[in-house]
Novice: 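Following this message is one structure expressed as structure tokens.
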2 protein chains.
Amino acid sequence: MGRCTRVHKVLEGISLAKRKDVAKLAGVSEATISRVFNNVGPIREETKQKVLKAAKTLNYQPNALAQSFATGKSGNIGVIIPYLPKVHLLSTHYFSGILSGIGIQLGKCQYNLLVMFQSPHEPKDYVQLFRSQKIDGCIILGAKNDEQEIKEIERLHELKLPYCLVNQTYEGYPFHSVDAKHTEGSFQAVSLLLEKGFKRIAFINGPLEYSNSMERLKGYRDAYLNVGIEPPSELVFQGNYSRTSGIQLSTEIAPLMSNIDAIFSGNDRMAIGLMQGLSKHGYHVGEDYALIGYDNSDVASMVQPQLTSVQVPLLEMGEMAAEKVLNELNGKSVVLQERLPVTLIERASIQVKKEMRK
Amino acid sequence: MGRCTRVHKVLEGISLAKRKDVAKLAGVSEATISRVFNNVGPIREETKQKVLKAAKTLNYQPNALAQSFATGKSGNIGVIIPYLPKVHLLSTHYFSGILSGIGIQLGKCQYNLLVMFQSPHEPKDYVQLFRSQKIDGCIILGAKNDEQEIKEIERLHELKLPYCLVNQTYEGYPFHSVDAKHTEGSFQAVSLLLEKGFKRIAFINGPLEYSNSMERLKGYRDAYLNVGIEPPSELVFQGNYSRTSGIQLSTEIAPLMSNIDAIFSGNDRMAIGLMQGLSKHGYHVGEDYALIGYDNSDVASMVQPQLTSVQVPLLEMGEMAAEKVLNELNGKSVVLQERLPVTLIERASIQVKKEMRK
DNA sequence: TTGTATGCGTTATCAC
DNA sequence: GTGATAACGCATACAA
């Protein structure tokens with residue numbers, strides 16, 4: 001599948017009636033056709049019917065390109081997704097859930113969803129997408145806490161361009177965002193483990209460039225502090241949210257298992273990787289330790305024992321992000337930062353048979 | 001998240017230099033600017049540099065909308081995805097894999113990917129998308145064998161509009177498509193089971209509206225016939241490719257398990273549903289029966305025992321579909337129907353401890 | 001309630 | 001090599 005350049009072919013075969021043709025057939029002016037189709041201004045019912053009939057006869061369809069050009073609005077909302085060759089992020093529960101939500105909301109408003117893959121190597125220039133008029137607003141997924149990213153978003157923000165971040169919040173920057181209450185979710189998960197008598201809880205975190213990683217770390221620590229125990233920082237590990245990284249970490253964690261009675265993982269995939277890796281070392285969920293994941297992706301109920309996990313309303317977050325961008329676009333007042341609640345879904349992975357360790 | 005209508009806000013804050021401004025500053029005509037930016041026609045190097053400098057000074061960026069309008073090409077390829085409320089198909093390995101592939105290929109060619117959700121209730125009108133000039137080509141995912149769908153695709157085909165189906169082939173219709181060798185994949189999977197001594201193999205199929213379901217059925221039957229055994233049609237069941245349907249079918253299948261020694265499922269999710277359902281009835285993969293799934297989605301290696309599965313090159317199919325549409329668009333000759341090979345990935349789920357049944 | 005006229009920012013086809 | 005200019009199909013302010 002080679003590289004190629006954009007070339008054009010004439011659109012043949014489709015007879016494209018233009019507004020002029022309809023006007024002629026209906027015996028009215030072109031402006032009237034527009035009025036009917038855009039439902040704008042006063043119009044005599046009789047005229048309207050005449051126009052509609054003529055349009056139907058000619059199989060007229062307004063040219064979206066010309067409309068966009070005339071109004072200066074593309075009708076597209078860009079969704080920026082980080083692209084890593086080999087890893088198709090899109091297939092993660094995480095991205096696809098958000099994307100579906102965005103699609104649902106945009107569909108209601110006659111907006112198109114333009115997917116834009118952003119390679120981490122190419123320089124980002126979100127503003128340019130607006131300047132070229134390709135998009136009217138954008139939603140940024142998978143943003144990280146790095147300087148360049150922040151600068152780009154700052155530009156968007158200062159120019160008051162309609163944008164929204166999803167699942168990423170920058171400390172000290174009042175950017176538009178829709179996020180979930182990850183600190184709380186993490187707090188709940190770890191608190192549940194503590195309540196159930198697990199005291200030595202390892203935490204497998206993801207990269208700290210993501211605010212949700214930081215927030216989960218805070219939740220983990222808060223839960224300990226809440227019961228008057230100093231958080232065991234020696235039990236905090238870091239993966240990269242892939243199942244593979246969970247497997248890798250299991251090698252590091254296995255030697256410590258005699259002193260660990262539960263594990264909380266920053267997402268389900270790492271949790272499952274751990275589960276698989278540790279079982280090779282003879283440690284089994286439900287027998288030797290309790291396990292809680294995060295995201296409540298569909299795999300949580302596919303593994304044995306089923307995984308307790310924190311559900312994140314990804315679909316709703318996507319919907320809300322889209323709604324927010326559309327509101328910004330229309331000049332409506334919007335709440336700058338939204339936070340949706342998460343829900344702890346209890347499953348078998350927190351039942352442990354053996355005597356509790358200390 | 002309410003309904004809303006598309007409204008417009010003026011794009012403020014971004015100073016949009018136009019071609020005219022650049023021309024003025026560079027002291028050349030507007031046509032020259034276009035020549036430089038489109039790399040067309042002869043141009044003196046000196047002039048070119050002058051133009052580029054002026055463009056940079058003014059931060060000039062050609063207006064994509066105007067370009068599209070002038071050329072009559074949107075630069076968008078539409079990807080049509082069936083939309084079912086509640087079920088977010090996008091999150092399936094299947095759709096997201098294909099979509100990623102499409103995105104990769106389109107990115108290389110400077111085309112945009114326009115995602116269009118198609119509710120099964122709304123009437124389809126693919127041609128209209130072209131007439132409105134929203135898209136220059138389209139890729140149809142998840143098409144089913146129904147009359148309306150076929151008619152729509154026929155229209156696209158007759159009008160020679162650039163389109164491509166993915167993973168769906170219509171018997172007797174020479175539509176553009178990229179598909180995988182499902183008959184072969186199924187044949188291989190069932191043959192492997194037969195070779196290993198399993199004789200009573202149940203087949204859990206998906207809806208027959210999908211050609212790949214039909215093909216897998218054929219592969220299943222062929223594998224039996226190939227070893228001179230009449231395919232046991234009483235062991236063919238039908239789900240809907242969801243894990244839930246696998247669980248449901250397990251109730252139906254459990255009573256027959258004394259006469260079944262292996263199961264082949266049309267996808268991994270149903271396989272896992274079955275696995276879960278049957279274990280509640282006391283039948284366990286690796287002890288009481290062998291199991292093979294299909295798709296080789298990431299969940300295949302998350303369950304215990306890991307699932308043998310047929311890998312489908314979804315990413316490559318997406319890439320190829322995109323490439324095909326772009327070639328049609330550019331008038332290049334294209335192979336009408338492509339079929340990519342599949343690969344059987346062997347994992348633990350086909351090792352069975354107990355004595356073979358007959 | 002309807003018609004007229006202008007502009008949107010390019011591309012592309014001529015001339016020179 | 002370069003400049004002028006006619007499309008492109010619609011929205012919309014203004015006039016009637």
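Throughout, protein chains are lettered first and strands after them, A, B, ... in sequence-line order, and every chain is numbered starting at 1.
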Novice: Distance check needed: C:dC8 P versus B:Gln67 CD, whole Å only.
Specialist: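 So the CD-P distance, B:Gln67 to C:dC8, works out to 17 Å.
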
Novice: Is it true that B:Lys324 and B:Glu338 make a salt bridge, defined as a side-chain N closer than 4.0 Å to a carboxylate O?
Specialist: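 Result for this pair is no, no salt bridge flagged.
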
Novice: If you find the nucleotide of DNA chain C closest to A:Ala70 and the one closest to B:Asn38, which residue's nucleotide is nearer the 5' end?
Specialist: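 Going by which nucleotide is closer to the 5' end, it is A:Ala70.
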
Novice: So do B:Val28 and B:Ile33 actually touch side chain to side chain, heavy atoms under 4.5 Å?
Specialist: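 Yes - at least one pair of side-chain heavy atoms lies under 4.5 Å apart.
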
Novice: Give the rounded distance in Å between these two atoms: NZ of A:Lys134 and P of C:dG9.
Specialist: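 In whole Å, C:dG9 P and A:Lys134 NZ are 17 Å from each other.
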
Novice: Between D:dC8 and B:Phe69, is there a base-stacking contact, meaning the centre of the base's six-membered ring lies under 5.5 Å from the residue's ring centre while the planes stay under 30° apart?
Specialist: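 Here B:Phe69 meets both the 5.5 Å and the 30° conditions.
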
Novice: B:Lys50 has an atom NZ; how far is it from atom C1' of D:dG3, in whole Å?
Specialist: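 B:Lys50 atom NZ is separated from D:dG3 atom C1' by 13 Å.
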
Novice: Under 3.5 Å between N/O atoms: give me all the protein pairs with nucleotides 2-6 of chain C, atom names plus distance.
Specialist:
unit_1, atom_1, unit_2, atom_2, d
C:dT2, OP1, A:Arg44, NE, 3.2
C:dT2, OP1, A:Arg44, NH2, 3.3
C:dT2, OP1, A:Thr47, OG1, 2.0
C:dT2, OP2, A:Arg44, N, 2.8
C:dT2, OP2, A:Thr47, OG1, 3.3
C:dG3, OP2, A:Ser29, N, 2.9
C:dG3, OP2, A:Ser29, OG, 3.1
C:dG3, OP2, A:Thr32, OG1, 2.6
C:dG3, N7, A:Arg35, NH1, 3.4
C:dG3, N7, A:Arg35, NH2, 3.3
C:dG3, O6, A:Arg35, NH2, 2.4

Novice: Could you tell me the separation between the CD1 atom of B:Ile33 and the P atom of C:dT10, rounded to a whole number of Å?
Specialist: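 So the CD1-P distance, B:Ile33 to C:dT10, works out to 10 Å.
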
Novice: Let me know the distance between CG of B:Leu65 and C1' of C:dC8, rounded to the nearest Å.
Specialist: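 The distance from CG of B:Leu65 to C1' of C:dC8 comes to 10 Å, rounded to the nearest Å.
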
Novice: Base, sugar-phosphate or nothing for A:Tyr60? Non-hydrogen atoms, less than 4.0 Å.
Specialist: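 Result for A:Tyr60 = sugar-phosphate.
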
Novice: Between A:Phe37 and A:Tyr60, what is the ring plane arrangement, given parallel below 30°, perpendicular above 60°, and tilted in between?
Specialist: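 Answer is perpendicular, since the angle exceeds 60°.
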
Novice: Does a side-chain N or O from B:Asn63 land closer than 4.0 Å to OP1 or OP2 of C:dC8, or not?
Specialist: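 No, no such contact exists.
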
Novice: With respect to A:Asp179, which candidate in A:Leu165, A:Leu340, A:Asn167 satisfies the side chain to side chain contact (heavy atoms under 4.5 Å, CB included) definition?
Specialist: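 Checked A:Leu165, A:Leu340, A:Asn167 against A:Asp179; only one passes side chain to side chain contact (heavy atoms under 4.5 Å, CB included): A:Asn167.
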
Novice: Just how far, in rounded Å, is P of C:dA12 from NZ of B:Lys73?
Specialist: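 After rounding, the gap between these two atoms is 12 Å.
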
Novice: Take A:Glu30 and A:Arg19 through the salt bridge (charged side-chain N to carboxylate O under 4.0 Å, His left out) test and state the conclusion after the steps.
Specialist: CA-CA 6 Å; A:Glu30 293 191 42; A:Arg19 193 180 62 166; 2.9 Å; yes

Novice: Is the shortest distance from a Lys or Arg side-chain nitrogen in A:Arg131 or A:Asp125 to a carboxylate oxygen in the other one below 4.0 Å?
Specialist: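 No, no charged N to carboxylate O under 4.0 Å.
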
Novice: Rounded to whole Å, please give me the gap between NZ in A:Lys20 and P in D:dA11.
Specialist: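 Between P of D:dA11 and NZ of A:Lys20: 15 Å.
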
Novice: Assign the ring pair B:Tyr170 / B:Tyr173 to parallel, tilted or perpendicular, where the plane angle (0 to 90°) is split at 30° and 60°.
Specialist: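 Judged by the thresholds at 30° and 60°, the geometry between B:Tyr170 and B:Tyr173 is perpendicular.
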
